[in-house]
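See below for the structure under consideration.
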Amino acid sequence: MPEPVRCSHAPYICQMQYPFSIVEQKWQAHWAANHTYKVDEDPSKPKYFVLDMFPYPSGAGLHIGHPEGYTATDIVSRFKRMCGYNVLHPMGFDAFGLPTERYSMTTGIHPAIATEKNIETFKRQLNAIGFDYDWSRQVNTTLPEYYKWTQWMFLMMYNSWYDRAANKARPIDELPIPSDITDPQEIETYKDNHRLAYIAYSPVNWCEALGTVLANEEVDEWKDKGYTVERRPMRQWMLRITEYAERLLADLSLLDWPSSTLDMQRHWIGRSEGAEVIFPITGNNHSIAVFTTRPDTLFGATYLVVAPEHPIVEHIVTEHQRSEVLAYKDATALKSDLERTELSKSKTGVFTGAHAVNPATGADVPIWVADYVLAHYGTGAIMAVPGHDERDHEFATAFGLPIVQVVQPTDGSSIDVAAEAYSTYGIGVSSANASVSLNGLATNEAKRTIITWLESTGQGKGRTQFRLRDWLFSRQRYWGEPIPIMFYEDGTKRALDADELPLLLPDVKEFKPAGTGESPLATVDSWVNFIDAKTGKRARFETNTMPQWAGSCWYYLRYADPHNHETFCAPDNERYWMGNHGVDLYVGGGEHAVLHLLYARFWHKVLFDYGYVSTPEPFKKLFHQGLIMGEDGRKMSKSLGNVVNPDEVIASHGADALRLYEMFLGPLEASKPWNTRGIDGITRFLDRVWRMMVTEEGTLSPSVVKGAGSPELDRVLHATIKKTREDVENLSFNTTIAQFMIFVNEYTKSEQRSHEAMSAFVQCLAPLAPHITEELWQVLGHDGSVHHSQFPAYDEAKLIENEIEIVLQVSSKIRGKMIVPADADAAAIEELAKCDPNVQKHLDGKQIKKTIVVPGKLVNFIVG
RNA sequence: GCAAGCGUGGCGGAACUGGCAGACGCACUGGACUCAAAAUCCAGCGGGCUCAACCCCGUGCGGGUUCGACUCCCGCCGCUUGCACCA
């Protein structure tokens with residue numbers, strides 16, 4: 001039994017405070033020793049899978065923001081378990097990545113060692129908060145037993161192509177090879193061009209002085225130190241996520257996600273419909289294809305613009321313009337994507353000296369290069385219609401290019417496209433040649449007409465374009481999953497077979513990049529110069545590693561079967577935990593609204609195509625928790641000195657107080673400031689809960705008695721049960737806790753408290769404050785853990801009040817209140833209301849024009 | 001610049017499909033207990049009117065719909081987040 005404890009801030013015995021420190025340690029030890037939260041597959045119960053975005057175990061340890069989302073899922077987990085579900089609420093660590101690698105570069109400590117240490121710290125801190133994780137299901141993305149399967153899935157993608165007819169991934173061996181390709185080398189190249197994982201040259205941030213590739217977040221840091229960073233194409237592994245664009249977009253409709261997140265994903269995928277139009281180049285047998293969403297304005301295209309990086313540029317640039325165009329191209333390479341857009345408030349560009357033919361008008365149009373056209377979107381070239389596009393208009397105005405009108409407003413009003421672009425839809429004008437006319441056609445009709453014409457004359461075709469790009473899947477880093485592909489001296493390559501996995505990351509002493517743009521793996525002789533046992537050929541392994549996103553694309557599946565050596569997750573386990581619609585609730589920061597959540601969806605869909613998972617989408621319901629700000633209202637950061645350490649809060653107030661306070665601060669999704677004083681209110685609440693049931697000796701208080709309570713107290717109890725059930729489902733914990741406080745305020749007033757009411761209240765509080773409730777459950781004389789008890793039900797009949805208060809209004813102004821029987825009808829209420837003295841005063845001598853009675857709410861007399 | 005979300009006491013925040021604005025907590029004020037303090041318990045706590053009652057004002061600003069608006073509509077202002085020329 002706990003003894004009265006000393007206050008941390010005073011040298012004498014306090015009056016009846018809840019001894020949180022003793023109780024929390026007691027039960028944490030008890031839960032661990034008794035495997036209270038061990039999870040097994042149990043087909044007799046419905047499952048509930050509640051998932052947190054697993055943390056990156058940094059050296060700094062847990063900060064106060066982590067427990068917010070984790071507490072929310074812990075509450076849901078405990079609540080669902082008490083409601084009869086078999087709950088999976090696991091935790092793991094996403095531990096590959098740059099921060100640990102950089103730590104190793106400066107300290108020389110191996111990232112695996114640092115990771116292990118950091119994970120120990122995280123686990124100790126998480127356990128101190130009392131989460132109900134089954135640690136036997138922990139995953140760690142950096143362990144070979146885990147990344148073996150990440151590699152296996154990479155190979156699954158490498159060994160796949162996307163069959164657009166069947167709309168799914170299929171084995172590469174089933175790829176139809178065109179009959180004119182017969183050379184084995186050419187067949188291999190053809191396959192490579194269709195694999196879901198492929199090699200391409202893609203621009204990276206290259207720093208010549210450092211001899212390394214920089215991550216986007218590092219670029220500014222080094223530029224500030226005076227280093228030059230340029231965009232340079234390098235050999236990279238890519239994943240063909242663009243083949244899934246249509247499905248990634250369509251399946252968003254299956255999800256119960258925040259609408260802002262759905263919007264962001266839609267925008268990221270960026271579907272737009274339009275046409276590809278081919279412009280032949282004058283005096284040259286090349287041509288330029290452009291993508292446009294407004295093919296109806298083709299007659300108004302007075303020039304073309306191509307991206308500086310576009311390969312056509314060097315074929316068409318005239319001698320006279322060559323040096324100027326090349327200088328412009330070099331200047332563009334030095335700009336980051338951000339600078340390129342930020343600095344371009346006014347448009348820049350250079351004439352190539354070349355011309356092309358507008359297929360509709362037959363006119364010669366000049367070809368320019370400009371950095372406002374992006375190489376990676378559409379075809380990397382546009383037809384400029386300055387009369388009907390703002391950007392083109394700005395450019396044409398700056399460089400004196402012709403502007404013509406080909407669309408007029410539907411209402412026939414006159415516009416001046418020389419002054420301002422008219423980009424709204426309208427009616428085609430001045431848009432006809434010998435074989436097609438768009439004049440008089442509304443924009444949508446004009447689009448269809450011109451596309452039909454372009455297709456019939458072979459000068460273009462309708463096309464759907466996505467903003468989404470293929471996923472750059474390699475990093476020139478050490479601390480990531482090795483890519484299980486080897487290259488032979490003759491230029492051929494071999495992917496490892498499943499039985500050769502995992503391909504272990506070799507031990508190295510030096511974590512700095514090789515200086516050639518390759519990862520530290522390039523300096524490991526056994527990695528880049530060995531004899532392949534299967535073929536006897538000399539080989540080198542891929543020196544790129546996978547990005548940090550890789551391991552987080554499928555970790556949720558591993559929780560369902562964490563120790564399987566035969567497969568990443570046994571089908572039975574997958575069906576049990578992911579059945580119906582995948583993860584039931586996923587909670588994590590809004591910063592992952594696009595990348596992680598899009599990559600994981602894509603990865604899951606590839607697995608789905610092969611039948612390895614049973615749902616098209618991994619995460620049914622998603623919730624983003626808000627940020628906890630510093631006491632000064634600013635984001636917590638070391639440099640501002642406003643960081644709150646959870647260890648210190650647990651030491652001073654206890655884990656239950658930390659949990660409750662984080663949930664009481666405000667709505668889970670909102671960002672809200674921490675307040676050190678505020679948590680004292682929670683401590684007071686827990687002390688009152690304690691005193692409501694426990695004596696100074698730690699035994700059951702004599703005020704807790706068997707038998708029913710008063711109808712008023714019963715109503716508070718059943719209202720509390722109802723509110724808890726509803727709020728927990730909606731993750732509205734702040735209002736749940738407010739209701740708990742009301743309960744305690746009411747029951748504290750009473751001399752006698754029903755044992756049943758106390759027990760039910762302890763059960764309501766249990767998901768939020770698991771330690772104090774476990775102790776109280778025992779004090780109340782119950783066997784077993786409160787967390788395995790059945791959540792109380794509420795009785796609707798006990799919630800009904802006999803008498804209710806009605807608001808009295810005269811001309812919509814409140815003039816009084818009255819108590820009426822709950823079952824009083826409208827006529828009776830109206831008559832009673834007229835008797836109220838203050839109402840009579842305001843009705844006096846006036847005509848009642850209208851009476852509004854809302855039963856249970858109000859009476860309103862409108863007087864003239 | 002574009003898009004979305006949000007603006008409620010000294011503070012964090014409540015208010016279900018339009019029906020008592022300010023639940024609950026923090027801070028503060030007064031009282032009880034105490035030699036005293038802490039802790040605890042009780043009471044008060046948007047503004048105005050010298051107490052109370054009564055009354056008036058009040059949910060960023062300006063309009064509107066409605067018997068009735070924090071809630072719905074239109075236009076501003078401010079903050080937050082996301083995207084940054086996507087043809």
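Chain letters run A, B, ... following the sequence lines, proteins first, then strands; residues in each count from 1.
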Short side-chain N/O contact to [N] OP1/OP2 from [X], under 4.0 Å:
X        : N     : value
A:Arg677 : B:G12 : no
A:Ser272 : B:A87 : yes
A:Asn734 : B:C24 : no
A:Lys672 : B:U80 : no
A:Asn745 : B:G25 : yes
A:Arg691 : B:C41 : yes

*Sugar-phosphate, base or nothing in reach of A:Glu805, heavy atoms under 4.0 Å*: base

Using the [atom1] atoms only, state how far [M] lies from [N], rounded to an integer number of Å.
N     : M     : atom1 : answer
B:A3  : B:C76 : P     : 12 Å
B:C11 : B:G46 : C1'   : 13 Å
B:U71 : B:C16 : P     : 12 Å
B:A69 : B:C20 : P     : 11 Å
B:G64 : B:U81 : P     : 35 Å
B:C6  : B:G60 : C1'   : 11 Å
B:U65 : B:U80 : C1'   : 30 Å
B:A21 : B:G9  : C1'   : 11 Å

G-U wobble or Watson-Crick pairing nucleotide for [N] (cut-off 3.5 Å, both distances):
N     : result
B:C61 : B:G75
B:A43 : B:U29
B:C2  : B:G82
B:U66 : none
B:C51 : none

Is the shortest side-chain N to carboxylate O distance from A:Glu631 to A:Arg677 below 4.0 Å? no

Q) Under a 90° cut-off about 0 for the syn range, is B:G9 syn or anti? A)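 With its glycosidic angle within 90° of zero, B:G9 counts as syn.
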
Assign each of A:Ile679 and A:Gly380 to its nearest nucleotide of RNA chain B by heavy atoms, then name whichever residue's nucleotide is nearer the 5' end.
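The residue mapped nearer the 5' terminus is A:Ile679.
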
Name the orientation class of the two ring planes belonging to [X] and [Y] (parallel below 30°, tilted from 30 to 60°, perpendicular beyond 60°).
X        : Y        : value
A:Trp368 : A:Phe399 : tilted
A:Tyr377 : A:Phe291 : perpendicular
A:Phe761 : A:Phe743 : parallel

Nearest-Å distance, [atom1] ([X]) to [atom2] ([N])?
X        : N     : atom1 : atom2 : answer
A:Arg391 : B:G1  : CZ    : P     : 18 Å
A:Glu390 : B:A87 : CD    : C1'   : 13 Å
A:Lys813 : B:C56 : NZ    : P     : 5 Å

